Amino acid sequence: MALTKCAVVAALGLFVSSAALATDGVTPSKVTFGQVAAFEGPAAALGTSLRDGLHAAFEEANAAGGIHGRQIALRTADDGYEPGKSADAVKAMIGSGSVFALIGAVGTPTSKATQPLATEAGVPFIGPFTGASFLRDAEHGNVVNIRATYAAETEAWIAHLVDDLKLDEIAILYQDDAFGRVGLAGVTAALEKRGMNLAVEGTYTRNTVAVKSALLKIRKAKPDAVVMVGAYKPVAEFIKLSRKLDFDPVFVNISFVGSKALANELGAEGEGVIVSQVVPFPWNDRLQIVAEYQAALAQHVPDAEVGFVSLEGYITGRIALAALDAASADVTREGFLDAVWSMRDAELGGLSVQFSPTDNQAFDYVFLTEIDAQGDFVPVKTPGS
């Protein structure tokens with residue numbers, strides 16, 4: 001018996017709806033992303049700021065009608081920056097069938113615990129807030145990195161300290177876990193390239209501010225600079241104690257520290273502290289993506305502070321939305337990831353986004369900033385600049 005035109009339309013609609021519903025986290029009216037990150041404890045400002053940026057990007061899209069008529073939602077869970085807790089939360093999210101993808105994880109040790117779970121389940125793992133090299137293996141197939149590597153950041157540090165400032169004695173403070181050891185390896189490699197070795201190493205335990213022993217050990221070696229691979233609270237404690245002891249080397253921090261959180265913790269003690277950055281200057285509204293970020297944050301997260309971490313969250317959200325849009329209305333995880341890898345020379349508000357099936361990282365650039373007397377960030381001046 002021939003189908004009527006109405007019956008054909010109804011059948012097609014049922015097919016599309018069924019296909020959409022077959023993908024976890026996707027309904028006819030909504031796509032849900034999941035963020036497992038630190039929202040409590042010494043790294044809480046990182047997860048909160050990333051969430052603010054993601055929320056601004058998603059709500060900006062929702063206000064414009066969503067993506068293919070679907071609203072974009074963000075479901076969150078706190079992991080306290082602890083790998084075990086993070087793994088449990090990710091297992092629960094994936095097992096619930098309620099999230100399409102994971103986005104905005106915070107940290108190397110937590111990502112090391114959760115990325116394999118996402119990869120095994122075929123769940124996109126988007127924009128982890130870490131430059132760890134193990135996430136840059138494109139063979140994972142599901143990991144979408146936004147930022148440059150920690151190796152690129154640590155090379156920029158040593159290039160400035162040794163090549164520009166002609167400093168000889170470089171010490172390191174690092175978090176005693178996978179994150180800290182990645183930073184240590186990067187610094188060691190950058191120094192060895194210049195025929196140099198570290199003057200001294202000091203460590204502290206994750207999720208503590210127990211840095212006094214490391215400080216006394218490092219201070220005894222009288223280094224010219226201390227490079228730091230840690231979160232903002234222990235790093236701020238180290239710097240403040242150093243100032244009290246009249247120990248005043250050049251302090252250099254990795255982007256993971258959380259720039260605004262560090263400046264807020266340090267207050268007047270922050271002047272001259274250097275932090276490497278992997279996203280554009282968030283106050284430079286001459287760049288289109290930054291102007292759009294500032295407007296979206298003011299509109300949708302008015303209590304949030306403009307800063308590097310929330311800008312990274314916003315850019316991560318915008319890239320996820322662009323891929324979702326390109327993947328068509330009948331979206332699947334495989335189609336979404338194919339859309340990401342197709343972003344070769346894609347343009348995002350003045351930024352060139354570079355992905356391919358063999359390159360799972362959007363951006364490579366790194367630049368240095370320092371905290372001024374007002375607690376603001378300014379670009380580091382280099383010879384000839």
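Worth saying up front: this structure is predicted, and the values here are computed from it rather than measured.
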field: V144 reachable from I94 in the ILVMFWY side-chain graph, under 4.5 Å edges
entry: no
query: Which distance, rounded to the nearest 0.5 Å, do you find between the CG of L245 and the NZ of K240?
result: 14.0 Å
- prompt: Taking atom CG of L173 and atom CG of L184, what is their separation to the nearest 0.5 Å?
  reply: 11.0 Å
field: Short N-O contact, D248 and R243, less than 4.0 angstrom
entry: yes
task: Rounded to the nearest 0.5 Å, what's the gap from OG1 on T316 to CD on E312? Could you check?
output: 5.5 Å
- prompt: Nearest heavy-atom pair of A339 and A327: which atoms, and what distance?
  reply: CB-N, 4.2 Å
message: Within the 4.5 Å heavy-atom criterion, are R344 and S356 side-chain neighbours or not?
response: yes
query: Is there a donor-acceptor contact under 3.5 Å from the side chain of N360 to the main chain of L135?
result: yes
message: Please evaluate residues T108 and T130 with respect to the criterion side chain to side chain donor-acceptor pair (under 3.5 Å), reporting the C-alpha separation (whole Å), side-chain torsions for both, the decisive distance (0.1 Å), and the verdict.
response: CA-CA 6 Å; T108 301; T130 166; 2.7 Å; yes
message: A side-chain contact here means heavy atoms from C-beta on lying under 4.5 Å apart; do P223 and V226 qualify?
response: yes
field: Parallel, tilted or perpendicular: rings of Y365 and F363 (30°, 60°)
entry: tilted
query: Does one hydrophobic cluster hold both L241 and V227, with members joined at side-chain heavy-atom distances below 4.5 Å?
result: yes
task: Return yes if a side-chain donor-acceptor contact under 3.5 Å exists between S259 and Q277, otherwise no.
output: yes
- prompt: Between W283 and F308, does the ring centre distance come in under 6.0 Å?
  reply: yes
- prompt: Taking the side chain from Q361 and the backbone from N145, do they hold a donor-acceptor pair closer than 3.5 Å?
  reply: no
field: Audit row: T203, R181, side chain to side chain donor-acceptor pair (under 3.5 Å) steps and yes/no
entry: CA-CA 10 Å; T203 66; R181 288 187 286 275; over 6 Å; no
query: Is there a path from Y174 to L215 through hydrophobic residues (I, L, V, M, F, W, Y) whose side chains come within less than 4.5 Å of each other?
result: yes
- prompt: Do V31 and V36 belong together in a cluster built from hydrophobic side chains that touch within less than 4.5 Å?
  reply: no
- prompt: Is T23 close to V331 at the side-chain level, that is, under 4.5 Å between some pair of heavy atoms?
  reply: no
query: How about V273 and L266: do any of their side-chain heavy atoms sit closer than 4.5 Å?
result: yes
Main-chain N/O of T208 paired with T205 side-chain donor or acceptor, under 3.5 Å: no
- line: By salt bridge (Lys or Arg N to Asp or Glu O under 4.0 Å), E155 pairs with (sequence neighbours left out) K193, R194
- request: Spell out, as yes or no, whether a donor-acceptor pair under 3.5 Å connects the side chain of H160 to the backbone of L165.
  value: no
- prompt: Backbone N or O of L297 within a donor-acceptor pair of the H55 side chain at under 3.5 Å?
  reply: no
task: Ignoring hydrogens and angles, tell me if any N or O in the side chain of R70 forms a donor-acceptor pair with the backbone of G66 under 3.5 Å.
output: no
query: Looking at OH of Y314 and CD of Q294, how far apart are the two atoms once the value is rounded to the nearest 0.5 Å?
result: 10.5 Å
message: Do V143 and Q115 make a side-chain contact, defined as non-hydrogen atoms from C-beta onward lying under 4.5 Å apart?
response: yes
query: Do the side-chain N and O atoms of E82 and N207 include a donor-acceptor pair separated by under 3.5 angstrom?
result: yes
Cluster link V252 to F179, ILVMFWY, side chain under 4.5 Å: yes
- prompt: Under the side-chain contact (heavy atoms from CB on, under 4.5 Å) criterion, do Y293 and S310 qualify, and how do the steps go?
  reply: CA-CA 9 Å; Y293 150 76; S310 58; 2.6 Å; yes
- prompt: Does E334 reach the side chain of P124, with side-chain heavy atoms less than 4.5 Å apart?
  reply: no
- request: Determine whether N264 and Y232 make a side-chain contact, defined as any pair of heavy atoms from C-beta on separated by less than 4.5 Å.
  value: no
task: Answer yes when K85 and D79 have at least one side-chain N-carboxylate O distance shorter than 4.0 Å, and no when they do not.
output: no
- request: Using modelled atom types only, decide if a donor and an acceptor are shared between the side chain of S96 and the backbone of M93 within a distance under 3.5 Å.
  value: yes
- prompt: What's the verdict on side-chain contact (heavy atoms from CB on, under 4.5 Å) for E201 and I218, showing C-alpha distance, side-chain angles and the deciding distance?
  reply: CA-CA 7 Å; E201 301 175 18; I218 290 172; over 6 Å; no
message: If you apply the rule side-chain contact (heavy atoms from CB on, under 4.5 Å), what do you find for V380 with F367, and how did you get there?
response: CA-CA 8 Å; V380 167; F367 68 101; over 6 Å; no
field: Verdict with reasoning, V257 to M228, per side-chain contact (heavy atoms from CB on, under 4.5 Å)
entry: CA-CA 9 Å; V257 75; M228 313 175 85; over 6 Å; no
message: Just by distance, no angles: are the side chains of Q175 and D177 close enough, under 3.5 Å, to form a donor-acceptor pair?
response: yes
- request: Could you verify whether a donor N or O on one side chain and an acceptor N or O on the other, from Q354 and D359, lie under 3.5 Å apart?
  value: no
task: Determine, using ring centers only, whether F377 and F281 are less than 6.0 Å apart.
output: no
- prompt: What distance do N253 atom CG and I274 atom CD1 have between them, rounded to the nearest 0.5 Å?
  reply: 9.5 Å
message: Between F58 and F33, is the ring centroid distance below 6.0 Å?
response: yes
message: Do S255 and Y150 pair up side chain to side chain, a donor and an acceptor below 3.5 Å, judged on atom types alone?
response: no
message: Quick one: does any side-chain atom of N62 pair with a main-chain N or O of Q71 as donor and acceptor, under 3.5 Å?
response: no
- line: All heavy atoms of S111 vs all of P116, minimum pair found to be O-CD, 4.0 Å
task: Rounded to the nearest 0.5 Å, what's the gap from CD1 on I158 to CD on E153? Could you check?
output: 12.5 Å
query: Does V123 reach the side chain of R333, with side-chain heavy atoms less than 4.5 Å apart?
result: yes
field: Residue pair T119 / N142, side-chain donor-acceptor N/O under 3.5 Å
entry: yes
message: Please determine whether a side-chain nitrogen of the Lys or Arg among E265 and K233 lies less than 4.0 Å from a carboxylate oxygen of the Asp or Glu.
response: yes
task: Step by step, work out the salt bridge (charged side-chain N to carboxylate O under 4.0 Å, His left out) result for E237 and K212.
output: CA-CA 9 Å; E237 180 71 5; K212 189 174 292 185; over 6 Å; no
field: Carboxylate-amine/guanidinium proximity below 4.0 Å for E292 and R318
entry: yes
task: Using atom types as modelled and distance alone, determine if a side-chain donor or acceptor of T369 lies under 3.5 Å from a backbone N or O of P379.
output: no
- prompt: Can you tell me if K222 uses its side chain to pair, donor with acceptor, with the backbone of R219 under 3.5 Å?
  reply: no
